[in-house]
Each structure stands twice: as C-alpha cells, then as structure tokens.
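Here is the naming used below: chain letters follow the sequence lines, and residue numbers restart at 1 for every chain. Just so it is clear, the values below take in all heavy atoms, side chains as well, and ignore hydrogens, waters and symmetry mates.
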2 protein chains.
Amino acid sequence: MRPDETIECCELMYVHKDIVEKVREEMPDEEELYDLAELFKIFGDSTRIKILYLLFESEMCVCDIAQLLNMTQSAISHQLRALKQSKLVKYRREGKTVFYSLADGHVRTIIDQGMEHVKE
Amino acid sequence: MRPDETIECCELMYVHKDIVEKVREEMPDEEELYDLAELFKIFGDSTRIKILYLLFESEMCVCDIAQLLNMTQSAISHQLRALKQSKLVKYRREGKTVFYSLADGHVRTIIDQGMEHVKE
DNA sequence: CTTTCATATGATTGATTGTTCATATATTAT
DNA sequence: ATAATATATGAACAATCAATCATATGAAAG
C-alpha cells in the first residue's frame, strides 16, 4: 500500500465518494486534532487522574495531594504543571501555600464518561 | 517530604479531616483508576483520534482509513488493534475486507467534551 | 538578613510507545 | 494448488515520558 498515491484500493474512492467528501468537510483541522490528542494524553496517566479525583472533593495544596497519594512533592508538582498547562486545574497562592482546584466542568464530564466506559 | 510517614504537613490531617475521609470513600480503587488512565492513553494519539473521527461518519475498512489519513496499512492496523482492545471500535468481516465502526456512544461524548475544552 | 517551609524546576534515567519493515494469516479467484 | 488482495503481527528503533534527585524560587517568621 502506498499512501502517497491515489491508487484504486478497496471500494472507497469509487463507491463511497459522498462519505469521503463528508469526511473532508467534518474532520477538524490538523492542529485541533493534535491539541485534542495532547489533552487526552494528560488524562492518560493514573497519577494525574488521581489528582483530578482528589480535586473533585476540594481544592488542595501540593503537600496535601502528595500525602494523600503517598508520593513525593516533586512528582506531584511536576504533574500539576502538566495539568495547569492544559488548563485542567487552576491555582491560587495563599502565603507559602498554593491551592489547586479544577478549572472547569469539562474535566468532570470527560472523566465520568471514561469511567462509565471502563466499568462496562 | 517523606510520603511514607504521617508527618504533620500543611494543615491537612488536622483541619480537613472530613475531606480526607470523603476522599478515601469516593476515590475509585487503584485498578479502576489505572484502567481509566489506560483508556485515556488510547485517546492520546492524533492518529487514533483521526481514526475515530473518520468512524463518526461511517464504518470503514482498514485500507480506506489508511488512504484517507495518508498512512500505511500497517500503522493503521496497529492503531486499530489498540482501539479494539479498549473496546472503542468493533469490527465485522466481509470477505477479505474488515469493516471497523465505533463501539458505543461514550466515544463521541468524550471526544466532543475534549474538543470543547480545547476550543476555549 | 537568615532560616524555614511550601513549591517549582532542570537534568537524568528506565520505561513506554508509534511507526516502519518484513512477514504471516485469511479469504477469494484462477 | 497457486496467486492475489486485505489485514494482522512481531521485532526494532527513535522519540516521548514519569519519577527521582538535587537545587532553586518565593513567602513568612525570627
């Protein structure tokens, strides 16, 4: 199969011309698809999933999260950075302490839907 | 910070005892959290995301997908394997051809929510 | 200003992962 | 049987990534 040529293959180009056109219309552009994959990568680590579950209950500081998950402060801080960059969590400073919380409702919806799928 | 000891740290253990208990109750068990992260890992690749978007329009054979995404049959087949193992797609054989389609509605919901987040 | 406490970050490393290449399997036609 | 076509799979390799360690920043207290 040589993908760089429009060779006749299966029945696609000839029988399902309408679908091909619809696909080309409806498919988001390359950059959006890349960003979407990058977002899901962030959900694709159990440490980060656990952090998000913790934040479902309440805002928390880094140290609290580290204790509850039985992990080092550094490991948690690194993961919070990733969550922050994807705008999944927000934070506020209070003296020496930094409190993290969920950024918006999408986070919960995405995780809940994922969990429903997993539980089937 | 030594996570393997219950040292006094921040104000967690003393001020927010109720939250700690709620967290311990509401948090899914380790195995479910791991499975959930594994599921999101599958969404965390732009090739797989593209495949899923294609299948939003119609069931398709491997060769169709490879052509539309301008990738090799082998690469697509490997990714379909991952999608199949996570029960995100299903397939039916028709002669030499194998048609793939979306397994259930969660896929669409998860992707749509993710895309909403990305577009903000 | 120095110390202490909470958090952030850069470098390193072992592990995971996506694509490629070669090859195997499965189905149909000759 | 053999050839042709569609798909699947195993090994290999480069790239990515999460945890660790050491260290830096930032804020309050002495």
Side-chain angles (χ1 to χ4, degrees), chain A residues 1-4 7-13 15 33-34 37-51 59-86 89-101, chain B residues 1-4 7-13 15 33-34 37-51 59-86 89-101:
Chain A
M1 213 71 46
R2 282 155 300 177
D4 51 338
I7 289 165
E8 182 174 6
C9 163
C10 307
E11 78 270 55
L12 178 73
M13 291 304 177
V15 178
L33 291 165
Y34 180 82
E38 288 302 300
L39 175 68
F40 284 124
K41 254 176 219 168
I42 301 300
F43 287 98
D45 175 82
S46 63
T47 297
R48 288 190 293 261
I49 288 280
K50 286 177 200 168
I51 293 175
E59 68 169 5
M60 286 191 194
C61 67
V62 181
C63 174
D64 289 353
I65 298 170
Q67 269 195 280
L68 282 167
L69 298 187
N70 211 42
M71 292 181 67
T72 65
Q73 174 271 323
S74 181
I76 299 301
S77 192
H78 276 294
Q79 300 301 2
L80 283 169
R81 188 172 197 256
L83 290 166
K84 202 172 18 175
Q85 281 173 338
S86 307
V89 303
K90 55 184 197 281
Y91 64 97
R92 67 183 179 84
R93 183 143 217 151
E94 196 178 303
K96 282 177 283 187
T97 310
V98 177
F99 288 97
Y100 282 86
S101 57
Chain B
M1 213 68 47
R2 284 156 297 179
D4 52 338
I7 289 167
E8 183 174 4
C9 162
C10 306
E11 79 270 55
L12 177 75
M13 292 305 178
V15 179
L33 292 166
Y34 179 82
E38 289 302 300
L39 175 67
F40 285 124
K41 254 176 219 168
I42 302 300
F43 287 98
D45 174 81
S46 64
T47 298
R48 288 189 293 262
I49 289 281
K50 285 176 200 169
I51 293 175
E59 68 170 5
M60 286 191 192
C61 67
V62 180
C63 174
D64 288 353
I65 298 170
Q67 268 195 280
L68 282 166
L69 299 187
N70 211 41
M71 293 180 67
T72 65
Q73 174 270 324
S74 180
I76 299 301
S77 191
H78 276 293
Q79 300 302 4
L80 283 169
R81 189 172 197 257
L83 291 166
K84 201 169 25 173
Q85 281 173 338
S86 307
V89 303
K90 56 184 196 282
Y91 64 97
R92 69 182 177 86
R93 182 144 216 151
E94 197 178 303
K96 282 176 284 186
T97 310
V98 177
F99 287 98
Y100 283 85
S101 57

Result for 5'-nearest mapping on DNA chain D, choosing between A:Gln79 and A:Gly95, is A:Gln79
Rounding to a whole Å, what distance do you find between A:Glu59:CD and C:dA6:P?
17 Å
Rounded distance (Å) that lies between atom P of C:dT16 and atom CG of B:Asp45
18 Å
B:Arg93 vs D:dA6: side-chain N/O to OP1/OP2 distance below 4.0 Å
no
Under 3.5 Å, is there an N or O donor on one side and an acceptor on the other linking the side chain of B:Gln73 and the base of D:dA8?
yes
A:Lys84 charged N/C atom sitting above A:Tyr100 aromatic ring, 6.0 Å / 45°
no
If I take atom CD1 in residue B:Ile65 and atom P in nucleotide D:dA8, what distance separates them, rounded to the nearest angstrom?
10 Å
Proximal nucleotide (of C:dG10, D:dA18, D:dA8) relative to the A:Arg48 side chain:
D:dA18
Donor-acceptor pair, B:Arg48 side chain versus B:Lys41 backbone, under 3.5 Å?
yes
Over how many whole Å does the gap from B:Leu80 atom CG to C:dT19 atom P extend?
12 Å
Return the nearest nucleotide to the side chain of A:Lys96; candidates are D:dG26, D:dA19, D:dT20.
D:dG26
B:Met60 and side chain to side chain contact (heavy atoms under 4.5 Å, CB included): which partner among B:Ile76, B:Thr97, B:Val98, B:Ile65?
B:Ile65
Using a heavy-atom cut-off of 4.0 Å across all strands, would you classify B:Tyr91 as base, sugar-phosphate, or nothing?
nothing
Quick check on DNA chain D: between A:Lys41 and B:Arg81, whose nearest nucleotide comes earlier from the 5' end?
B:Arg81
For A:Thr72 and D:dT20, is the shortest distance between a side-chain N/O and OP1 or OP2 below 4.0 Å?
yes
Check: C:dT9 base within 3.5 Å donor-acceptor of A:Ser77 side chain:
no
Can you check side chain to side chain contact (heavy atoms under 4.5 Å, CB included) on A:Glu59 and A:Arg92, steps first, answer last?
CA-CA 10 Å; A:Glu59 68 169 5; A:Arg92 67 183 179 84; 2.4 Å; yes
Does the side-chain ring of B:His78 sit on the six-membered ring of the C:dT19 base, less than 5.5 Å centre to centre and under 30° in tilt?
no
